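Note sheet for the following structure.
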Amino acid sequence: MGFFNFITQEIAIDLGTANFLIIHNDKIVVDEPSIVAYSRSSGKVIAVGSKAMQMEGKAHEDIRIVRPLKDGVIADFHAAEHMIKGMLQMFQAGKNRLTSSFRMVICVPSGITEVEKRAIRDSALIAGAKEVYLIHEPIAAAVGIGLDVLEPNGHMVIDIGGGTTEIAVIALSGIVCDQSIRVAGDNFDSDIVHYMRRQHNIMIGKPTAERIKLAVGSALPELQEPPENVAIKGRDLMTGLPKQVEVSYTDVARYLDRSLSKIEDAILKTLEITPPELSGDIHQSGIYLTGGGALLRGLDKRISSRTKLPTHVVEDPLRAVVRGTGIALKNIGRFRFLMR
Ligand code: ADP
Ligand code: MG
């Protein structure tokens with residue numbers, strides 16, 4: 001195959017802080033946490049994705065767990081490269097085979113520097129791609145939501161991921177104004193750890209905090225369809241013994257209040273710097289929430305009441321970005337100028 005230089009295959013990648021997704025032929029073929037596990041003694045990769053995640057918090061001395069992305073940017077390039085390679089191998093472990101010349105589109109945070117872009121591109125080339133394109137996440141999200149990003153109408157898209165919340169106003173294929181803040185899903189988990197300790201004297205780990213968030217996470221102290229309380233086991237700080245407490249959604253809404261206010265402040269700030277013509281558009285079309293954080297119960301309502309704007313949670317928010325990246329890849333003629 002290597003003899004011809006045709007592009008015979010295309011894959012789209014969402015290189016997220018929390019989750020790594022690959023689309024191939026319109027299908028999501030990889031959806032794994034962005035984690036790599038190494039053996040300290042040999043320096044070799046022993047697992048990527050969910051297998052590596054299962055080792056987190058339980059690893060013995062020889063295992064080193066790395067999350068290559070932090071706060072939306074690549075914190076460890078070597079690990080990112082290993083992760084891309086490992087995920088491509090995972091994809092090929094089924095019946096799929098990658099030829100020697102495939103095209104890859106990767107979506108990247110909008111605040112990324114040229115140096116970081118080059119590093120990601122190099123990682124993709126080392127991983128075997130022939131052609132590499134990068135697309136900005138908010139644009140990919142907007143395309144994935146089904147908004148027409150090529151027209152002059154303005155749209156506001158908010159992507160609440162693991163490490164960052166990206167707030168962007170998009171019109172005429174570009175990002176007109178945006179804010180990126182380091183308050184997102186991971187901070188919600190830390191908030192829960194912090195308050196569980198302060199209020200219940202119980203020590204829990206981040207994975208347990210995330211479980212609480214998924215089970216009874218809420219942005220509002222009152223919900224129309226409240227989830228049932230969840231029972232949580234942890235270590236009692238006074239006695240050092242295991243203990244169990246019940247957590248309600250109202251508790252979690254209180255724990256997350258400060259972080260959510262910070263996100264709301266950033267949204268208001270972005271609205272303030274939005275050109276008036278586009279403000280009019282957004283007033284009509286409202287705000288689109290995407291990323292895993294969009295799934296927090298009552299968040300749309302909370303943001304809507306603070307901004308006085310209609311607020312929509314997009315369909316399948318954990319996958320909107322990779323969907324949009326896939327669509328851009330398929331229509332590369334139309335979207336090429338968006339990818340650099
Ligand atoms: P990234 O793009 O940074 O990889 P994602 O968009 O994949 O992030 O979102 C991951 C974040 O969403 C994690 O912090 C995860 O805990 C959170 N998340 C996933 N599902 C839910 C849910 N149902 N409620 C609240 N948060 C969620
Ligand atoms: Mg993301």
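Predicted model only: the values in this text are computed from it and were never measured. Counting starts at 1 for both ligands and their atoms, in listed order.
- At a heavy-atom cutoff of 4.0 Å, ligand 1 is contacted by the side chain of L214 but not by its backbone.
- Given atom 17 (C) of ligand 1, the protein heavy atom at minimum distance is K213 NZ, 3.8 Å.
- By the 4.0 Å N-to-carboxylate-O rule, K117 lies close enough to E114 to be salt-bridged with it.
- Looking only at heavy atoms of the protein, atom 5 (P) of ligand 1 is closest to G292 N, 3.7 Å.
- Using modelled atom types, one finds no donor on one side chain facing an acceptor on the other under 3.5 Å when comparing S259 with N187.
- Contacts between L318 and ligand 1, counted as non-hydrogen atom pairs separated by less than 4.0 Å, involve the side chain only.
- When K243, E246, M196, Q244 are each tested for a side chain to side chain contact (heavy atoms under 4.5 Å, CB included) with I232, only one passes: M196.
- Using cut-offs of 30° and 60° for the angle between ring planes, the H200 and Y255 rings count as perpendicular.
- When the options L295, V252, T290 are ranked by their closest heavy atom to atom 22 (C) of ligand 1, first place goes to L295.
- Below 4.0 Å from some heavy atom of A18 lie the following atoms of ligand 1, by number and element: 1 (P), 3 (O), 4 (O), 8 (O), 10 (C).
- Not one N or O of G291 is nearer than 3.5 Å to an N or O of ligand 1, by distance alone.
- Residues I158 and I273 do not share a hydrophobic cluster, clusters being chains of Ile/Leu/Val/Met/Phe/Trp/Tyr side chains in contact below 4.5 Å.
- Looking at D189 next to ligand 1, no N or O pair under 3.5 Å apart turns up.
- The shortest N or O to N or O distance between N19 and ligand 1 is under 3.5 Å.
- At least one heavy atom of G293 sits less than 4.0 Å from an atom of ligand 1.
- Qualifying side chain to side chain contact (heavy atoms under 4.5 Å, CB included) partners for H283, counting only residues two or more places apart in sequence or in other chains: L309.
- Of all atoms in ligand 1, listed by their number and element, those nearer than 4.0 Å to a heavy atom of G185 are 14 (O).
- The protein heavy-atom contact nearest to atom 15 (C) of ligand 1 is E210 OE2, 3.3 Å.
- Considering backbone and side-chain N/O atoms, D14 never comes within less than 3.5 Å of an N/O atom of ligand 1.
- Partners of A12 under the side chain to side chain contact (heavy atoms under 4.5 Å, CB included) rule, at least two apart in sequence or in another chain, are I23, T325, L329.
- Aromatic rings of Y38 and H82 (six-membered ring for Trp) have centroids within the 6.0 Å cut-off, being under it.
- The protein non-hydrogen atom at the shortest distance from atom 3 (O) of ligand 1 is G162 N, 2.8 Å.
- Interface atoms of ligand 1 facing G16, defined by a heavy-atom separation under 4.0 Å, are 1 (P), 2 (O), 4 (O).
- Taking 4.0 Å as the cut-off between side-chain N and carboxylate O, R302 and D257 count as a salt-bridged pair.
- Checked for salt-bridge contact, K330 and D26 meet the test: a charged N lies under 4.0 Å from a carboxylate O.
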